[in-house]
Amino acid sequence: MNAAKRKLALLLPVMTLLATLVSACGGTNNNAGSAAEPSASPGTQGSTSAPVEGSRSVGGLQVPIVADKLEFSLWSPSGGNFRGTNFNEKLSFQQMEENTNIHINFQHSTEASAEAFSLLMSSGKLPDIIYNDLWGTDSGKYGAKGALLPLEDLIDQYAPNFKKILDGHPDIRGQITSPEGHIYYLPNLVLDSQDLTQMFPQVRSDWLEKLGLPMPQTTEDWYNMLKAFREQDPNGNGKKDEIPLVTVNLENIMMLFAPAFGVEYGFFVDNGQVKYGPNDPRFKDVVVYLNRLYKEQLLDPNYLVDTTFQTLTEKVTTDVAGAWFGWSGSYMGNFTTLMEGKHDTFKIAAAVPPKGPNGDQRHVSFRWQAGAHGLAVSSKTAHPEEVMKWLDYQYSEEGILLNNFGVEGKSYDLVNGEPVYKDEVTHPTNGLTNTQELLNHTIGGGSWATVADTRYAEQIREANGQTENPLEIYKDYIDFDAKLPPVQFTAEENEIVVPLMADIQTYVAETINAQIMGRQSFDDYNKVMKQLEQMGIGEVLKQYQAAYERFKGK
Amino acid sequence: MVIKRSIPEMIFDNCNVLFLIFCSFLFLYPMWYVLVSSFSDAHAIAAGEVSFWPEGFNVDAYKLVFEDQRIWTAYGNTFIYVIAGTFINLVLTTLGAYPLSRKNLEGRSLIMAFIVFTMFFSGGLIPAYLNVRELGLYDTRWALLLPGAVSAFNLIVMRTFFQSIPDSLIESAKIDGAHDFRILLQIVLPLSMPVLAVMTLFYAVGHWNSWFPAMIYLQDRNLFPLQLILREILIQSSAQNMLAGVTQDEVFRISESIKFATIIIATVPILLIYPFLQKYFVKGVMIGALKE
Amino acid sequence: MAVPLNAAKAKSRKLPTSRSSVSLKRMMSNRYLYLMLLPTVLYFLIFEYKPMYGAVIAFKDFNPFAGVAGSPWVGFKNFEKFFESYYFFRLLKNTFLMSFYSLLFIFPASLAFALLLNELRLKKLKSFLQTVSYLPHFISLIVICGMIIDFTKPGGIINSLLLGIGFITEPIQFLILPEWFRTIYVGSGMWQSLGWNSIIYLAALSGINPSLYEAAVVDGAGRWKQLTHITLPGILPTVLILLILNVGTLLNVGWDKIILLYNPGTYVTADVISTFVYRRGVMEADYSFSAAVGLFNSIINFTLLVLANRISRKTTESSLW
């Protein structure tokens, strides 16, 4: 990790230099930008520039943003992580409307958001603001098609809060800039490096104690532990109903084990070379290992069908699941609260990433400071300036509090200047978990175009009775150099990568699953690699390498 | 006429009866299983103890489903789509079928070909979606009512029926000075009740069961039909999202029975009207397929 | 209102001058009929033909933000991409097999079911059976797939039953195993449509002149003879027409049931052209490519239909047109 940090530090000056260059370019463009505006927004004169009477400054941004109420449309999935059917039901957005004088018409899709998003984009008619999970890779693509508004100039002009963050954390700019040098979306941000860890291995530590086992350190430890879970009836009901390792998809299992064999399930970086895991000879060992788990029923035999979080929760709360790879809040915290008072010993502990037979050991489930999810602006919006200001508000101190904590006095109180959740939120009595209850009040700092507040996770975790931060232990296993950064492709590169990867991904998903389930022989793993070669993985890797080098050299 | 049955014939007849009764069991049992499961305890279902009668009889699942406002909103929407949609279907299908059934209509075979062609060829999903957006129907109830307003197949069925109405009736009305709209309303339609009944049934059931257009054309949850909510519960297993306010624990206890209860609630209206309309099916299908 | 009458009179009085003027007159006399037809024709134009024009994106590199007209032409590139695709033959094979097996099993089963029903002498039982057998047709696909998922899971009723009678010793993961997918698809399809498909045969059966049977009885023909000599020939045209229709849709497998049931584990057998189009077009936003694949599928279907119709017309004199 030390090496990684050092490399990152070396990058910083480069990034800063770049950032100044970009903003300098932006500066020269300012006039052109504002000259074009009135034509794009007929009938909004008067709302531009001059601060509204009785306005105040929020980190340099004047609110209310407009004197006469404006309405923007914003498309976003609802439900799931977002909870609720219309975001305007959340107190945070009501308060935000009051503060900014901008009303948001939320257009929500159902949960099938990949379909809904794609269809929305196919229409060519977009709402003012669009949420997407994959702007990190999609924004450049749609930006080049002319769907999205380049934001870099607008940021310089109208977004003092966001700009301040960019200037204070120079590497963020590189993470969200398209190959052509545009910024097309404002990302969710995590500024504190210890919060970058996402999912991690979690184990029923009370089962370990009961069976007298230590926390697993290596892949062999994991095998032995899971084996013991399966055979020694840790839940003590006399039935062999334990499902030692549960998951909602294969990807999570891969994140747990593949790095121990030196690879990943997708793209990763090996000494500056972009590689595709299934195309690496070492991947065979992963398959062999997982096949062993599957064959001995240590890996949930239903893992391909039980793909909802609900089914996983059921397995955990009915005391049959022994280990999984998941989030701190929605898995560990959630399960702990659900089992409170219903189980005498139920306890979950975080395990270190397993060390493989060749000593490989790293943790791959972490994010970059700029998330791939966030908000982009339609190129057709009639109010680019006001939209930008509204977006900037999300990154102001006030906006960050609203998005992370909700409305003061309703979901949190200020104690010595620090926001502290109210008891009704941390210990709800209405049958909801505290995360769910919180999301009735606000959107959640981790899912929106805003800054995720460290204090949010901390307080929820403590409310759930976890005193130490489980994420702490992964700091040492994170290798920034081995993870593929959020590279973006040019239109030409996309043209090559997208169709080839569509077939390759289908092939890999099928083949690897079949081999794990023992339905297809993996003795000759070279065959898979040969097949991938035939399907054009070499061509794909070339594009990835180019994009990666461009990213690094930026 | 009394026919004496030979012994092999009697054996065959009896076997046939038994076999067909077994078939009807196969047709009914899945629904029966769903019904008894909806009244059963979720643990009993999970343990495979439910077979013919409810185990651990309770109506908790129904209570929860009935308490859920979204189910009722969706129910109401579905009724709107079924009633308004079927009405539009019937009007447009009739207006298309009647003129095309008149033999003296110049160019009718051309227009028929124009219509029949759509049965075998279509622009595909994306163009259809773009079309709905361009027409400004997106995220409105019209998006579920107008696309698919006429089924070419049903139009053919109806036209065939109209053709069976004696020309003399229509000609004599014409001589009496009635114009075509009047003839259609006062002479043809009253004679066409069976085919109208069949069309109503076909279209109404189609609307009742439709989910995909709603999934791609609607965003506003207040417009969602029942099937879309069902999809969330049955296929995506997100019953807990539906039943906010119920503790997680509760949801797990009855989640299985909730699924079954929603199936029942969503299917009951069809099961209720169905036996009464059933006799028309044969007629409808016969008209449509045999004569064309 | 008097106009049609006048026109009719005029027509009867005058000698036909030319064909076109006669037809023009007839068109005038039918103008209310045309007016009546207008909304329906408009519907087909707007909601069926206009999207067909949209299918030209198959020959373009469609960019939604440039519009259909503004996107550049690329000729057959998208089609070539599909033909060269690694999955081309598998998709064809899966699509064909899925509907071939449906045809192979459901088609004769519906016919047999109708014939057995027809032989039934207890009228009450017959009508009860009909009612019951049509029922599944009216149950929504969502509900049916929900039931399939629930029934086939390891703790589900099918596994419990098979375990109970000792047919298997370990529960089968039906929805994960590719070799079961077609069975589940066709089996549930049979349940859904067996009764409904039989209606048409029952209708045809009821259309056979009863005097034929009476004469056969007088001649001393048994039930089997009656079946082979009167019943089957009587419904043969119906059977053939349906067969043509079915052949015409051999490469037309709906994706909705499949996308509700499949997963990467079963792609091997479950992935068909329409699901592929759905994934590529809707999930991965490759609009032009998926339009090309869809168009290809439509053309094949149409060709198959025309071929089947021609063969049938030549050999049996039954045809759709």
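First the proteins, then the strands, lettered A, B, ... as listed; each starts at 1.
- Side chains of Phe19(B) and Phe113(C) form no contact here, defined as non-hydrogen atoms less than 4.5 Å apart.
- Here the shortest heavy-atom pairing between Phe27(B) and Pro136(C) reads CD2-CG, 3.9 Å.
- Contacts of Val34(B) with chain C are made by side-chain atoms alone, with heavy-atom separations under 4.5 Å and no backbone atom involved.
- Proximity to chain C is limited to the backbone of Leu26(B), based on heavy atoms less than 4.5 angstrom apart.
- Residue Pro127(B) comes nearest to Pro51(C) through the heavy atom pair CB-O, 3.2 Å, listed as atom of the first residue, atom of the second, then distance.
- Residues Phe260(B) and Asp150(C) approach most closely at CZ-OD1, 3.4 Å, considering heavy atoms.
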Can you check ring-ring contact (aromatic ring centres under 6.0 Å, His included) on Tyr29(B) and Trp191(C), steps first, answer last?
CA-CA 11 Å; Tyr29(B) 183 71; Trp191(C) 186 77; over 10 Å; no
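- The contact between Leu155(B) and chain C is made entirely by side chain atoms (from C-beta outward), counting heavy-atom distances below 4.5 Å.
- Proximity to chain B (any heavy atom under 4.5 Å) is shown, for Leu117(C), by both the backbone and the side chain.
- Under the 30°/60° scheme for interplanar angles, the aromatic rings of Tyr33(B) and Phe151(C) are found to stand perpendicular.
- The nearest pair of heavy atoms linking Ser24(B) to Leu129(C) is CB-CD2, 3.3 Å.
- Contact of Val56(C) with chain B is not made at all, since no heavy-atom distance falls under 4.5 Å.
- Neither the backbone nor the side chain of Ile88(B) has a heavy atom closer than 4.5 Å to any heavy atom of chain C.
- Remark: the backbone N or O of Phe138(C) is paired with a side-chain donor or acceptor of Asn209(B) at under 3.5 angstrom.
- Formation of a donor-acceptor pair under 3.5 Å by the Tyr49(C) side chain with backbone atoms of Phe114(B) is found in this model.
- Between Phe47(C) and Trp142(B), the ring centre distance reaches or exceeds 6.0 Å.
- Note: Leu120(C) leads Leu122(C), Leu120(C), Val277(C) in heavy-atom pairs under 4.5 Å with chain B.
- Proximity to chain C (any heavy atom under 4.5 Å) is restricted, for Leu130(B), to the side chain, taken from C-beta onward.
- Looking at Phe181(B), both its backbone and its side chain come within 4.5 Å of chain C, counting heavy atoms on both sides.
- Considering all non-hydrogen atoms of both residues, Leu116(C) and Leu20(B) come closest at O-CD1, 3.9 Å.
- Nearest heavy-atom pair across Pro39(C) and Leu92(B) is CB-CD2, 3.6 Å.
- Contact of Leu135(C) with chain B is made through backbone and side chain together, with heavy-atom distances under 4.5 Å.
- Only the side chain of Val205(B) comes within contact range of chain C, judged by heavy atoms closer than 4.5 Å.
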